[in-house]
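Structure first, commentary second.
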Amino acid sequence: MPAPERVPPGPVTTAPAEPAPAGSVTALLTGGELTVRGRIAEASNAVLHCTVVHQGRTAACVYKPVAGEQPLWDFPDGTLAQREVAAYEVCAALGWELIPPTVLREGPYGPGMVQLWIDQADEEPGERAGPGGAPEAGENASGPVPVGHLLALADAERPAPEGWRAIGLAEVPGGGTALLVHADDARLRRLAVLDAVINNSDRKGGHLLTSADGRLHGIDHGVTFHTEDKLRTLLWGWAGEPLPKEAVTALGRLAAALGEDAPLTTRLAALLTPAEVAALRDRVAALLASGTHPVPGGEWPAIPWPPV
């Protein structure tokens, strides 16, 4: 497929679409003084670790300036920050706190995305299963699950262990093969639905963070909202199964929030193209009509690489 003609990015609107509640994390991220503390070197785009201070409050955050985005063949240049904010807005409209508070604002290196920093829970020794070994089931789906228990490798010759969902076979060092699995976890299932809604083309294991209080957070949503089906994720364990009742309720809430003159639609119009907003509505309607988790398509790799 030939690469599409590059589309020059439009102006980045950094003012909030509606006033943030006083004292909220969003107000802190939007109005605070941003100070860069360092750069996260392994990221493909410029990702800066910062502190933000506002009215006596201080928080750690991530700042991704638009100027530091690397060009992509299938997404317009200079639009990843807006897509990150749009993903947060859509997640909030679903009623799920899966994406850390995220805003678009000016920073030391120009406009960019600013997101609350999430401190990960410490892993306990032995939490990750070795190649070919069945991982421990951990706690049930409704309880806290350490980040090391979200993804694991299991015996390729056996079905996924109880409490886990199979993703596919993976090569391991030494030429062996293992079964890649993810936890059968209610929080991951919500994230799988969110990814289908926003058409996330890069849901890797490294984009799953669990905080000390057991809450799951998804990060890195810059390659989302494409008008073509580009869903690539590790969370295929529920493919083809009925959506949980809570997901159907959340999708109905989102569908209502995407009305032509609704506040969410107005906010998304400043972040996405009209075609992308229309495609978002279509994906929500399709999920509600089918009532099932999507299955991998044949024209696009189903799992991102590298997966973690």
Side-chain angles (χ1 to χ4, degrees), residues 6-72 75-93 97-119 198 200 202 207 209 217-226 262-274 276-277 280:
R6 291 216 177 272
V7 180
V12 178
T13 304
T14 56
E18 60 180 20
S24 68
V25 175
T26 303
L28 171 63
L29 296 175
T30 302
E33 180 180 356
L34 200 62
T35 302
V36 176
R37 300 300 182 185
R39 178 170 181 172
I40 301 175
E42 62 268 23
S44 56
N45 297 305
V47 181
L48 305 177
H49 184 224
C50 303
T51 55
V52 61
V53 180
H54 182 60
Q55 296 181 349
R57 301 174 66 202
T58 303
C61 61
V62 170
Y63 165 45
K64 297 182 181 180
V66 172
E69 295 178 4
Q70 297 296 319
L72 299 172
F75 283 83
D77 293 351
T79 65
L80 304 191
Q82 291 99 306
R83 296 173 193 278
E84 294 240 34
V85 178
Y88 167 71
E89 293 280 357
V90 168
C91 184
E97 296 181 351
L98 292 170
I99 299 179
T102 310
V103 302
L104 200 63
R105 58 161 289 175
E106 284 288 338
Y109 298 102
M113 181 277 282
V114 175
Q115 185 176 80
L116 186 69
W117 178 271
I118 300 299
D119 286 320
I198 65 177
N200 191 356
D202 196 33
H207 300 167
L209 307 180
H217 307 267
I219 61 170
D220 288 345
H221 298 100
V223 283
T224 50
F225 295 103
H226 203 286
L264 175 62
T265 302
T266 300
R267 294 197 295 275
L268 292 178
L271 303 167
L272 305 171
T273 68
E276 288 166 345
V277 175
L280 168 63

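Residues take their numbers from the sequence shown, with the count starting at 1. Hydrogens, waters and symmetry mates play no part in the numbers below; they use all other heavy atoms, side chains included.
- Qualifying ring-ring contact (aromatic ring centres under 6.0 Å, His included) partners for His54, counting only residues two or more places apart in sequence or in other chains: none.
- Side-chain atoms of Arg57 come within 3.5 Å of backbone atoms of Ser24 as a donor-acceptor pair (strictly under, hydrogens ignored).
- Residues Leu48 and Ile40 are not in side-chain contact: their nearest non-hydrogen atoms beyond the backbone lie 4.5 Å or more apart.
- Using cut-offs of 30° and 60° for the angle between ring planes, the Phe75 and His226 rings count as perpendicular.
- Two residues are said to be in side-chain contact when any heavy atoms from C-beta on lie closer than 4.5 Å; Val90 and Leu268 meet this criterion.
- Using a 4.5 Å heavy-atom cutoff, the side chains of His217 and Pro100 are in contact.
- For the pair Met113/Val103, no side-chain contact is recorded, criterion being any heavy-atom separation below 4.5 Å from C-beta on.
- Between the Asn45 side chain and the Gln70 main chain, a donor and an acceptor come within less than 3.5 Å of each other.
- In this structure, Tyr109 and Tyr63 approach most closely via the heavy-atom pair N-OH, 2.9 Å.
- Under the salt bridge (Lys or Arg N to Asp or Glu O under 4.0 Å) criterion, Glu89 pairs with Arg267, sequence neighbours left out.
- The heavy-atom pair separating Thr58 from Val53 by the smallest distance is OG1-CG2, 3.6 Å.
- For Ala93 against Leu264, the heavy-atom pair with the smallest separation is CB-CD2, 3.6 Å.
- In this structure, Thr224 contributes its side chain and His221 its backbone to a donor-acceptor pair below 3.5 Å.
- Between Pro108 and Val36, the closest side-chain pair of non-hydrogen atoms falls below 4.5 Å.
- Between the Glu69 side chain and the Leu80 main chain, a donor and an acceptor come within less than 3.5 Å of each other.
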Report task. Might you work through the side chain to side chain contact (heavy atoms under 4.5 Å, CB included) test for Thr26 and Tyr88, ending with a clear yes or no? Result -> CA-CA 11 Å; Thr26 303; Tyr88 167 71; 4.0 Å; yes
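- Partners of His207 by ring-ring contact (aromatic ring centres under 6.0 Å, His included), not counting sequence neighbours: none found.
- Side chain of Glu84 to main chain of Ala81: no donor-acceptor pair is present (N/O by atom type, distance under 3.5 Å, no hydrogens or angles).
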Requested in this report: Please assess Thr102 against Val114 for the test side chain to side chain contact (heavy atoms under 4.5 Å, CB included), listing each intermediate value before the final yes or no.
Outcome: CA-CA 6 Å; Thr102 310; Val114 175; over 6 Å; no
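- Contact annotation: the side chain of Leu34 approaches that of Cys50 to within less than 4.5 Å [non-hydrogen atoms, C-beta and beyond].
- A donor-acceptor distance shorter than 3.5 angstrom exists from the side chain of Arg105 to the backbone of Leu29, with no hydrogens or angles considered.
- At least one side-chain heavy atom of Leu104 sits less than 4.5 Å from a side-chain heavy atom of Leu271.
- The backbone N or O of Cys61 lies less than 3.5 Å from no partner atom in the side chain of Gln115, so there is not a single donor-acceptor pair.
- In this structure, Leu272 and Gln82 have side chains that are not in contact, with every pair of non-hydrogen atoms separated by 4.5 Å or more.
- Here Arg83 does not pair with Asp220 in a salt bridge; the nearest charged N to carboxylate O distance is not below 4.0 Å.
- Residues Pro65 and Ala46 approach most closely at CD-O, 3.7 Å, considering heavy atoms.
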